[in-house]
Structure formats: C-alpha cells, structure tokens
Participant: 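Please read through the structure below; I'll follow up with questions.
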Amino acid sequence: NNPGTTLHLKEIFIGRCWDYKEIKHKEFPLRTDVNCNDLWNDFYKAFSYQAPCDVAMEHYKEYIDLASQNVPENKGMFWSGTYDIAHEYAEAGKRFVTLEDTMIGFLANSLIWCGSGSTGANFTRCPSWTDCPLESSESFWASASREFASSVNGDVYLMLDGSRKDKPAYSKDSFFSKYELPALENVNKIVIIVKHNLDGPIKETCSNGSIIDLQEDILNRGFVFNCLDDPAAIIHLLCADDPEARECKMVNRNESYN
Ligand code: NGD
C-alpha cells in the first residue's frame, strides 16, 4: 500500500529552503536569494487539486525557472543506481554538485506528494510511478533532471554501479539516459566512474556490457568520455564501512614509522 503525501510537506519544504539559503549555502557558489514562499507556491500549484496521474512536466516550469542555479564548472555529478556512494563522494556540493545539492532537487528530495481534487494534496495515498504515465513526482524529477543537466558545464561526472542487481549499469530508460544526457550543452568531457561492491560481483566494467552502449551514446552526442573502474577515492569511501575486507588491506602506516 503506497503512502500519501508527506505530512507537513509545506513546512518541510519552506524550512529546507531557509536552511539552504541561510545555513547550508549561505556562501558562494550555490548561494541564492530566491523567495521561499514564492518557491512553495509555484511547486504546490504544479500538482495540487489535480489528478495525480496527469501532471505534465510543463506544470513544474515556473518552480524550476525560479529555483534554477548555475552549477560551478567541472563540478556536476550524475548518478544511476549509486545514490548513497555518489552523495557521500559529492559531500553536499563540496566536492561535486548533484541535482539534490541544487535548490530544485534539495527541496523535494525524498518527499512524496500528489494531488487531490477536493483537498489540494492527498495525504492518504499516492500512486507509484509504475501505476501511471504522468505521475506527479516522476514528471517533477524528469523536469528537474533536464534542467540540472542543462546547467552543468566543463567536465561532468557520472557514477554507475557495475554490480547492479536489478538492471544494467546503464539503461536507456533511466532518468540519466532519457532526460540528462540529451540536455547536456556546454560540456567537454563525461567522466564515467564505475563502482563495484567490495565483495563483487564485477558484472560490468568500462570495457564491457551496457557501459559500451553508454560510450557510444556519448560519442554520438559529440562529447568525449573517460571511464574509470573503481578509482581509489571510491574504494576508500567503501572501505570506511568495511575496513576488514580483503580489498581494504592497505599498507599499514604504522610500519613506516620504524
Ligand atoms: O520511471 C521511474 C523511475 N525509475 C527509477 N526511479 C523512478 N522514479 C520514477 N518516478 N519513475 C527512481 O528514481 C528510483 O527508485 C530511484 O530512487 C531514482 C533514481 O533511479 P536510478 O538510480 O535508476 O537512476 P536514474 O538514472 O534513473 O536517475 C538518477 C539521475 C541522477 O543523475 C539525478 O540527477 O536522475 C536524477 N534523478 C532522477 C530521479 C529521481 C534524481 C531523483 C531523485 N533525487 O529522487
């Protein structure tokens, strides 16, 4: 049974907005002075009092235009199937900037919402995106993804999971493939980072499987790529949670003190 709209949606949304502006990103480069109440009104207008399965991407246009920011050069990061590790690595915009670090994605991340004809929002039950074609949050994330992709520039990063169970590392029906890759504009190079679970399996790498299809799609769009299997920085992050794994046995620093 699907849950309904997140309780206190409005308060969370507006609270997050103030937190973003006054605390998390008070300073350059993601600083913004957008009005939080205006943002909420545009967001709420997009889906409220409407059938939850019939919200077109265009409904979110005003919200997206108002919240839009520039992403610093060489900092944009996309992810597919790698939510946790990609965000750990990005460090809330310090190392890289993901959609969820921009105002557009930050305000809505992990929330549930859908409309109700009579009361505005349905707090009892929302359809899941598999239940209908133009589900309210799916069209939101599609518009948000497209906008984010059009606002990154320079070298951009994409983190994929070469151990992914349910799907190939790169699939044509992912948000990345449908809305982000086609919207890239001022980009030089796409750096593909393929991570694998420390205990495997190594299902796909930079040189086999769906990642080859991705490389073709990238070249066809006129960009170049660079592909890295398990770069040391990612191994080190994974090892923080599993220091005893065989893959994590590094030269012991104490030995060099003698
Ligand atoms: O068809 C869908 C669908 N497929 C997966 N997911 C879907 N949600 C729909 N409404 N409709 C969910 O999207 C899935 O449960 C995940 O929580 C999330 C991302 O799916 P994943 O990991 O397979 O990767 P994608 O390439 O499809 O989307 C991630 C990229 C990333 O570069 C973000 O900038 O697209 C942006 N994004 C898309 C959707 C949702 C972010 C989010 C988000 N923050 O919730």
Side-chain angles (χ1 to χ4, degrees), residues 2-3 5-6 9 12-13 16 20 30 43 46-47 52-57 59-60 63-64 67-69 71 75-90 92-93 96-115 126-153 155-185 187 190-195 197 203-204 210-211 213-214 217-218:
N2 295 327
T5 299
T6 307
L9 180 74
I12 295 172
F13 187 101
R16 281 181 172 185
Y20 191 101
L30 292 174
F43 178 77
F47 70 91
C53 285
D54 193 21
V55 179
M57 284 171 67
H59 287 210
Y60 292 102
Y63 166 76
I64 293 214
S68 177
Q69 290 157 291
V71 176
K75 291 284 192 182
M77 175 170 276
F78 302 95
W79 52 272
S80 250
T82 53
Y83 183 90
D84 287 346
I85 187 74
H87 288 93
E88 239 180 89
Y89 191 32
F96 294 105
V97 175
T98 65
L99 168 57
E100 297 72 28
D101 300 314
T102 65
M103 190 63 110
I104 290 175
F106 183 83
L107 298 182
N109 202 23
S110 313
L111 301 180
I112 298 170
W113 66 89
C114 66
C126 288
S128 84
W129 49 267
T130 46
D131 296 338
C132 51
L134 283 171
E135 185 269 323
S136 31
S137 67
E138 176 159 8
S139 43
F140 173 86
W141 287 111
S143 332
S145 298
R146 196 171 60 188
E147 170 64 23
F148 177 66
S150 70
S151 66
V152 301
N153 59 94
D155 292 352
V156 298
Y157 295 77
L158 164 65
M159 202 182 301
L160 298 178
D161 182 4
S163 303
R164 196 167 183 174
K165 287 196 195 72
D166 54 331
K167 281 185 182 178
Y170 171 69
S171 62
K172 304 260 186 201
D173 63 6
S174 62
F175 282 94
F176 176 76
S177 171
K178 286 200 293 191
Y179 304 106
E180 295 184 320
L181 182 56
L184 296 177
E185 285 164 23
V187 163
I190 302 180
V191 181
I192 308 165
I193 299 175
V194 184
K195 74 70 107 152
N197 296 339
K203 282 177 63 180
E204 299 185 70
S210 63
I211 297 164
D213 303 336
L214 166 63
D217 289 353
I218 291 174

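Just so you know, these numbers use all the heavy atoms, side chains as well, and skip hydrogens, waters and symmetry mates. Every number for a ligand or one of its atoms is a count from 1 in the order of the listing. Everything numeric in this text was worked out from a predicted model, so none of it was measured.
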Participant: When you compare the side chains of Ser137 and Glu135, does any donor N or O come within less than 3.5 Å of an acceptor on the partner?
Facilitator: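 Looking only at side-chain atoms, Glu135 and Ser137 do form a donor-acceptor pair, the distance falling under 3.5 Å.
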Participant: Are Lys167 and Asp161 ion-paired here, with the side-chain N under 4.0 Å from a carboxylate O?
Facilitator: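 Looking at Asp161 together with Lys167, the answer is no, because their closest N to O distance does not fall below 4.0 Å.
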Participant: Would you please indicate if the ring centroids of Phe148 and Phe78 are separated by under 6.0 Å?
Facilitator: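 That pair passes the under 6.0 Å test.
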Participant: Is Leu158 close to Val191 at the side-chain level, that is, under 4.5 Å between some pair of heavy atoms?
Facilitator: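 Val191 does not reach Leu158 side chain to side chain.
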Participant: To which of Phe176, Phe175, Phe140 does the heavy atom nearest atom 39 (C) of ligand 1 belong?
Facilitator: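 Going through Phe176, Phe175, Phe140 one by one, Phe175 has the nearest heavy atom to atom 39 (C) of ligand 1.
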Participant: Give the residue, atom name and distance (to 0.1 Å) of the protein heavy atom nearest atom 26 (O) of ligand 1.
Facilitator: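 Of the protein heavy atoms, Ser80 OG, 2.4 Å lies nearest.
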Participant: For atom 18 (C) of ligand 1, which of Trp79, Tyr179, Tyr83, Trp141 has the closest heavy atom?
Facilitator: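 The nearest heavy atom belongs to Trp79.
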Participant: Between Ser171 and Pro168, is there a donor-acceptor pair closer than 3.5 Å when you use the side chain of the first and the backbone of the second?
Facilitator: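 No, the answer is negative, given that no donor and acceptor are paired below the 3.5 Å cut-off.
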Participant: At what distance is the nearest protein heavy atom to atom 34 (O) of ligand 1, and which residue and atom is it?
Facilitator: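 The answer is Glu180 OE2, 2.6 Å.
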Participant: Note the single closest protein heavy atom to atom 44 (N) of ligand 1, along with its residue, its atom name and the distance in Å.
Facilitator: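 The protein heavy atom lying closest is Glu100 OE2, 2.6 Å.
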Participant: Distance to 0.1 Å, residue and atom name: give those for the protein heavy atom nearest to atom 37 (N) of ligand 1.
Facilitator: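 Heavy-atom neighbour on the protein nearest atom 37 (N) of ligand 1: Ser145 OG, 3.7 Å.
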Participant: Do any nitrogen or oxygen atoms of Arg164 come within less than 3.5 Å of a nitrogen or oxygen of ligand 1?
Facilitator: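 Min N/O separation from ligand 1 is below 3.5 Å for Arg164.
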Participant: For atom 14 (C) of ligand 1, what's the nearest protein heavy-atom neighbour? Residue, atom name and distance, please.
Facilitator: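 It is Trp129 CZ2, 4.8 Å.
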